[in-house]
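Remarks on the structure that follows.
Lettering follows sequence order; numbering is per chain, from 1.
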Amino acid sequence: MPELIVTKNLNVPGIDTIDVYRQNGGYEALAKALTTYQPDDIVDIIKKSGLRGRGGAGFPTGMKWGFLAKNDKPRYLCCNCDESEPGTFKDRMLMEKNPHQLVEGVIITSYACRVGTAFIYVRGELALAARQVERAVQEAYAAGLLGKNVMGSDYALDIIVHRGAGAYICGEESALMESLEGRRGYPRLKPPFPAVVGLYGGPTVINNCETLFTIPAVVSGGADWYAGFGTDKSKGTRIFCLSGHVKKPGNYELPLGTPLRTLLYDEEYGGGILGDRALKAIIPGGSSTFILGADKVDTTMDFEAIAAAGSMLGSGGVIVFNEDTCIVGAILRMSEFYRDESCGKCTPCREGTYWMTEVLERLEHGHGKMRDVDLLMDVCDNISGKSFCPLGDAATSCVTSGIKLFREEFEYHVTHGHCMVGAGRTRVETESVEGAPLKAGAR
Amino acid sequence: MISEEAKQRMRNLAARYPVARSAIMPSLHIVQQEEGYITQAGLQAVAEVIGLTVDDVESVATFYTMYYQQPPGKKIIKVCTSIGCYLRNCDALLEHLEERLGVKRGETTGDGNYTLQTIECLASCGTAPVLQVNDEFVENVTLEKADALIDTLNKELLTGTPETPGAQRLDRLASKATNPYSDRQRRIHG
């Protein structure tokens, strides 16, 4: 098993309390940062480490910090823990099990970016995670790690834990800031980018939970050590959230550049496809990324290789489909998500996600027409690149890639009125297995 | 009624944020703890404390799906139906619960004990299918486990522990169907 960085102490009993966390080397990175480095030194370390954002876009973290506008307005840090991308479940685990490491990452990052107030935006549905982070923040205040003199230095920092209330869109950074300011979570026009005009008009840095979780380890171990993991351009390790049709779903931390096949089939990780069926398709980075065919299973999981294969590493949510999955049904389900979560601000996304779902629904239930398949592509073309924020683009990924890879399945639904594969292969069959649960992915 | 203690908590929140308006969301969470859902009195209290109009507060409250516009049941069961759970057969789980509770998704039982909801990806795809009861996770839910869960919840409802805040307001429960509009429509027009 390769060396773990982010999840190293995750299963130490009691690691969620400050005492046990400190006994395991916790807050030593913070002490080192405050005593050894100037803020700009830390920005340089993170730049040199090659750490890239773990939220979805994969933007270099150090570079993001370097973009902060130099003016006299107060600066803010927002830690994005609004984890809700379908297929992603790493941040919730990190917050629930080891909240102090997140708090330490937030403090170091705030120091590096000269931030006076940091916010941890926890998704509303994740009640336990929010309680754990809130408690860790309280413990950190009591231990003098937060407040006027962080660890006895003259650096002052406040952390506010803010709970969301059910809106996927608030994971988009500008919508997150709107939500924090007490408004409906509508995304903002960019530019200006948050690094220049962000929360309350101040320069703002917004990082994903796992990204900030990694910071203490990079500061302790050094940039060169961290950059020793992964590939040339995709450095370090990250958590891959493996779900769907695999024998052992779960979170696995692996160096970037590990082949998808290892994650799916290795006994240490996925352990093979559920029911020993054949692999049909993989979504490599959460439902907002393009579907890859089974022929791409030897692709290595780094930003460049996955991009070359035609998708994105996104949030690291690897969703696996076996051969019994009806791709039309699965895409319909993903499409419903974007319809429900579209914020309604811009027309292409609000109307497009709605109509896309309608068309998919009639195809799935055998009422579709042949022209509907092209109609879907046309609707996607009218959303992608034409909506206000990336949610619109994200909504089209599974539809366009699904049609490109499995067009014959969509057409089969039109000509036969039911699924090509799985238990939904014939109407009669699904109805005859009374009481028996249907095979997932078919109806 | 929103208690004075709750209003004080809201005031403290408003003072804690760099701008008072940011306290709207946590204050609405407090309203829901007190009242079980977002009541007119609750909106009024938040508006007063933060210094906004009631409409302004309501415009925020209606955007976020976790703020209930109607009183929910004592036990709110949210079944995840997104792709990770879909691949692990959440549809069968949901149908099973519909049958067991005698309501359709989105509805509350006539006795006001249960609200059955579907919800988008709960960040638990590795332990799918998953549901939440009053915001606490139940993972790897088989049909048997779901039955056992309802049995336990039924017992809790009989003995009255642990009580949920929504309980006092259930007399206001008007009908089975809690919301004639989809979330999307409510967000756009609400």
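- Atom OH of B:Y86 sits about 7.0 Å away from atom CG of A:L332, to the nearest 0.5 Å.
- For A:L274, the part lying near chain B is the side chain, with the backbone staying farther off; criterion is any non-hydrogen pair under 4.5 Å.
- At least one side-chain heavy atom of A:E125 sits less than 4.5 Å from a side-chain heavy atom of B:M66.
- In this structure, B:I83 and A:F321 have side chains that are in contact, with non-hydrogen atoms separated by less than 4.5 Å.
- For A:I160, the parts sitting under 4.5 Å from any heavy atom of chain B are the backbone and the side chain alike.
- Ranked by heavy-atom pairs shorter than 4.5 Å toward chain A, the options B:A23, B:C80, B:P26, B:S124 are led by B:S124.
- Two residues are said to be in side-chain contact when any heavy atoms from C-beta on lie closer than 4.5 Å; A:F89 and B:C121 fail this criterion.
- Of the inter-residue distances, the one linking A:Y200 atom OH with B:S22 atom OG reads 2.5 Å to the nearest 0.5 angstrom.
- For A:F337, the parts lying under 4.5 angstrom from a heavy atom of chain B are both the backbone and the side chain.
- For B:S27, no part lies near chain A; criterion is any non-hydrogen pair under 4.5 Å.
- The CD1 atom of B:I24 lies 11.5 Å from the CZ atom of A:R184; values are rounded to the nearest 0.5 Å.
- The contact between B:C90 and chain A is made entirely by side chain atoms (from C-beta outward), counting heavy-atom distances below 4.5 Å.
- The side-chain heavy atoms of A:R333 and B:D91, taken from C-beta on, include a pair separated by under 4.5 Å.
- With a 4.5 Å cut-off on non-hydrogen atoms, A:D158 touches chain B through its side chain but not through its backbone.
- Between chain B and the residues A:A127, A:S287, A:P86, the largest count of heavy-atom pairs under 4.5 Å involves A:P86.
- Note: A:L180 leads A:V320, A:L180, A:L242 in heavy-atom pairs under 4.5 Å with chain B.
- In this structure, A:S179 and B:Y64 have side chains that are in contact, with non-hydrogen atoms separated by less than 4.5 Å.
- Between the side chain of A:R183 and the backbone N or O of B:V60 there is no donor-acceptor pair closer than 3.5 Å.
- If you measure heavy-atom distances from B:L13 to chain A, you find no contacts under 4.5 Å at all.
- With rounding to the nearest 0.5 angstrom, the CG atom of A:L126 is 7.5 Å from the CD atom of B:Q132.
- Of the possible polar contacts, none joining the A:S243 side chain to the B:G126 backbone as a donor-acceptor pair under 3.5 Å is found.
- With a 4.5 angstrom heavy-atom cutoff, A:V318 does not touch chain B via any of its atoms.
- Every residue two or more places apart in sequence or in another chain that forms a ring-ring contact (aromatic ring centres under 6.0 Å, His included) with B:Y17 is listed here: A:H162.
- One finds no salt bridge joining A:R131 and B:D135 here, because no Lys/Arg side-chain nitrogen approaches an Asp/Glu carboxylate oxygen to under 4.0 Å.
- Interface summary for chain B: among A:G185, A:G244, A:G317, A:G164, the most heavy-atom pairs under 4.5 angstrom belong to A:G185.
- For the pair B:E120 (side chain) and A:D340 (backbone), a donor-acceptor distance under 3.5 Å is absent.
- If you tally non-hydrogen atom pairs under 4.5 Å between each of A:E85, A:R123, A:E83 and chain B, the highest count goes to A:R123.
- Looking at B:F137 and A:R92, their side chains come closer than 4.5 Å, going by heavy atoms from C-beta outward.
- Using a 4.5 Å cut-off between heavy atoms, B:E136 touches chain A through its side chain atoms alone.
- Open room surrounds CD on B:E99; 12 or fewer heavy atoms of other groups in view lie less than 6.0 Å from it.
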